Amino acid sequence: MFAKHRTTGYNGYAVQWSPFFEHKLAVATASNFGLVGNGRLHILNVGAGPAGGVINTERVFDTQDGLFDVCWSEVNENQLVTASGDGSIKLWDTTLADFPIQNWHEHQREVFSVNWNLVRKDSFLSASWDNTIKLWSQNSPQSLQTFKGHSHCVYAAMWSPHSPSLFASCSGDHTVKLWDTNSPAPVQTILAHGNEVLTLDWNKYQDHTVVTGSVDHTIKVWDMRRPDRELNCLRGHEYAVRKVKCSPHSGSLVASTSYDMTMRMWDITTGDMIEIHDAHTEFVLGVDFNLYRDREIATCAWDESVHVFTPRCLM
Amino acid sequence: MTSRLSQIASHLVPESMNHHHHHSPGAKIGVKSDDDVMICCAVRTPITRGFKGGFKDTVPEDLLAEVLIAVRERTKIDPSLVEDICVGNVLQPSGGATTSRMAALYAGYPVETSLYMVNRQCASGLQAVVNIANAIETGQIEIGIGAGVESMTMGYGSSAMAAQSSEKIPRGSQDAADCQLSMGMTSENVARDFGIDRKAQDEFAALSFQRAALAQKEGRFKDEIVPVRTFFKTTNSKDAKNSKDSSSNKEDDEDHKKPVTISQDDGIRDGVTFESLSKIRPAFASDGSTTAGNASQISDGAAAVLLMRRRTAKRLGMPIVGKYITSVVRGVSPRVMGIGPAVAIPAVCKKAAIEVKDVDLFELNEAFASQTVYTIKTCGLDTNKVNVNGGALAIGHPLGCTGARQIATLMNELKRRKERIGVVTMCMATGMGAAAIFENEQV
């Protein structure tokens, strides 16, 4: 199955499948490749069964600046949060009005990622090019905490799926930092790559395993308890790795996207690249696994298209 | 918007990639980066004629000490910051390892500054600089000196050759046997194989002498030369010993040993013309074209180059002379070893992604006029860009020193002309060619 959806006029930055609905997909996009102009949040419905491959737009929300990331709420099935180039974070409700129901503007620079707490589900993180990470509650008009420690743009801050207060971040300062919300300073710093670390994700099946992707073209697998060297280094991407995602269905399957216009899938226990999705014609920035349909993956790219498909390795 | 654009651009073309596997072309010409390996100082002693010239009684380590002192004094660098010194040398016993280390210690570098020798024949002085540049590039050291020294007066001849040599090796390989050819024979081979006649060689040699004489007269070597205080024996003590007069003894030698300051290249002769060169008899074959006039001189001298990353130079307030871009060495047939630069020049330009015509100045070591002319013709070089202040034919070729000496002369002349890209290149005995690209940043 391979379905394409055009986000005409908008270049894709991030995709996330809803944690509540198997057919719902959120896509964060920006005009002019996110360099200038506004943004659009797309809520898509992806059919299954006889309607398999049919993608409809449920609704869209327009923003003043480009959107770089999106994450669904873990407590409210209709709500989701976006990260914007103007430093703002907005909470949306797909059943309500065209404008955000909450708007937070504290970051001094582009917000590059937002991520909802998976264990306590009561808060979310933002990571910004102003070198900081912020902790938010949807019920509070101000951030709960600001985490300073990185010396360069923070590209992602991701909650551990196993611990309520632990999260990891990656940055242009080449490091990955482990944080606990109970302390202001990082618990650990790993000099992860020889260049900027653009993305990271936690393994859903192994408590301490984190996967990183970097400008140095490589993906590295880490045991956070042994920060001195990686468990594995996956090579294959021909340009910077933009996104890594650990499968929610398998402890060894990881998907990655890159400026080399591909999405690739890897077995992190063997280190093998098991598939290349070559169909995009521009930088591929977003990838996510459907939580309910364990053979379905979505990608988005600067070619203004969203792909929803079953990779060969999952057929 | 521009910051978002440059952010993405830096993801695609990152400044430094520590873990990548593909070929790195070296520092980019015209683009300044704090990672660039920079030359902060390049100096040389005068080059004097072997056996007869100003340094004939000076041991090589004394010459090396002078340039190492000059580097320290001219840049005011704290010598304890210099982590390693690499010295090119070809003829000294044990490669000059012990004497050079002694020279560095005498020159004010602490015991913590390590030192080693390198021998890549006539490219040794260049190889020393390249080795230090590579050590800095890989992060092995932060600051180093690449140097070269040779006293051909004291080293030339049988003392540089082993008492016993292999029989089966030259028998089993013609190329190996050709490594034992005299340099003059290889010059004759180049002249014959590639049709470089005596006339072309003498014309070029005259040009080298005339350019060198003019450059010397105009003081164009002043900034790069480190004057050396040393001793010079005015009589040939061998003759005195040979006489049956038993009163000739050490005291007599001391009397004839006078202190001198050598501040000029004394191989350069004024008034050399094509006509005067034409009269010289061939030196290596009776029907040959290579003469003492169109072959490099046997010489003594030393040179040193201080290197560090740009960010280190900025931090320490060091002068910025220029940037090391990249270099190559290519092997060629030993019997025509002189063609080396003709292979190395296009190879190094390709590596740096420039055309040969983009180079502003060449320091092309004139081992022989035959091979220099061959290289110029084969690479299509503009002779107005090659050895503009003369070359080894006029100035001399102290083997291990030459590569480093050429760097000093090159950077000096690029500065004088306000030009940017320079190449140091030479052939090597046993068949090799080396070439290195430097970018001038002096204003």
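This one's a predicted model, so the numbers in the text were calculated from it and none came from an experiment. In what follows, every chain begins at residue 1, and chains take the letters A, B, ... in the order their sequences are listed.
In this pair, His11(B) and Tyr155(A) present their aromatic rings perpendicular. The plane angle is above 60°, beyond the 30 to 60° band.
Put simply, the side chain of Asn134(B) never gets that close to the backbone of Asn131(B): no donor and acceptor are under 3.5 Å apart.
For Asp260(A), no part lies near chain B; criterion is any non-hydrogen pair under 4.5 Å. Using a 4.5 Å cut-off between heavy atoms, Cys153(A) contacts chain B through its side chain alone, with no backbone atom that close. Only the side chain of Phe68(A) comes within contact range of chain B, with at least one heavy atom under 4.5 Å from a heavy atom of that chain.
For the residue pair Thr63(A) and Asn38(A), no side-chain donor N or O sits within less than 3.5 Å of a side-chain acceptor on the partner.
Contact of the Glu282(A) side chain with the Asn11(A) side chain is not registered, since no non-hydrogen atoms from C-beta on lie closer than 4.5 Å.
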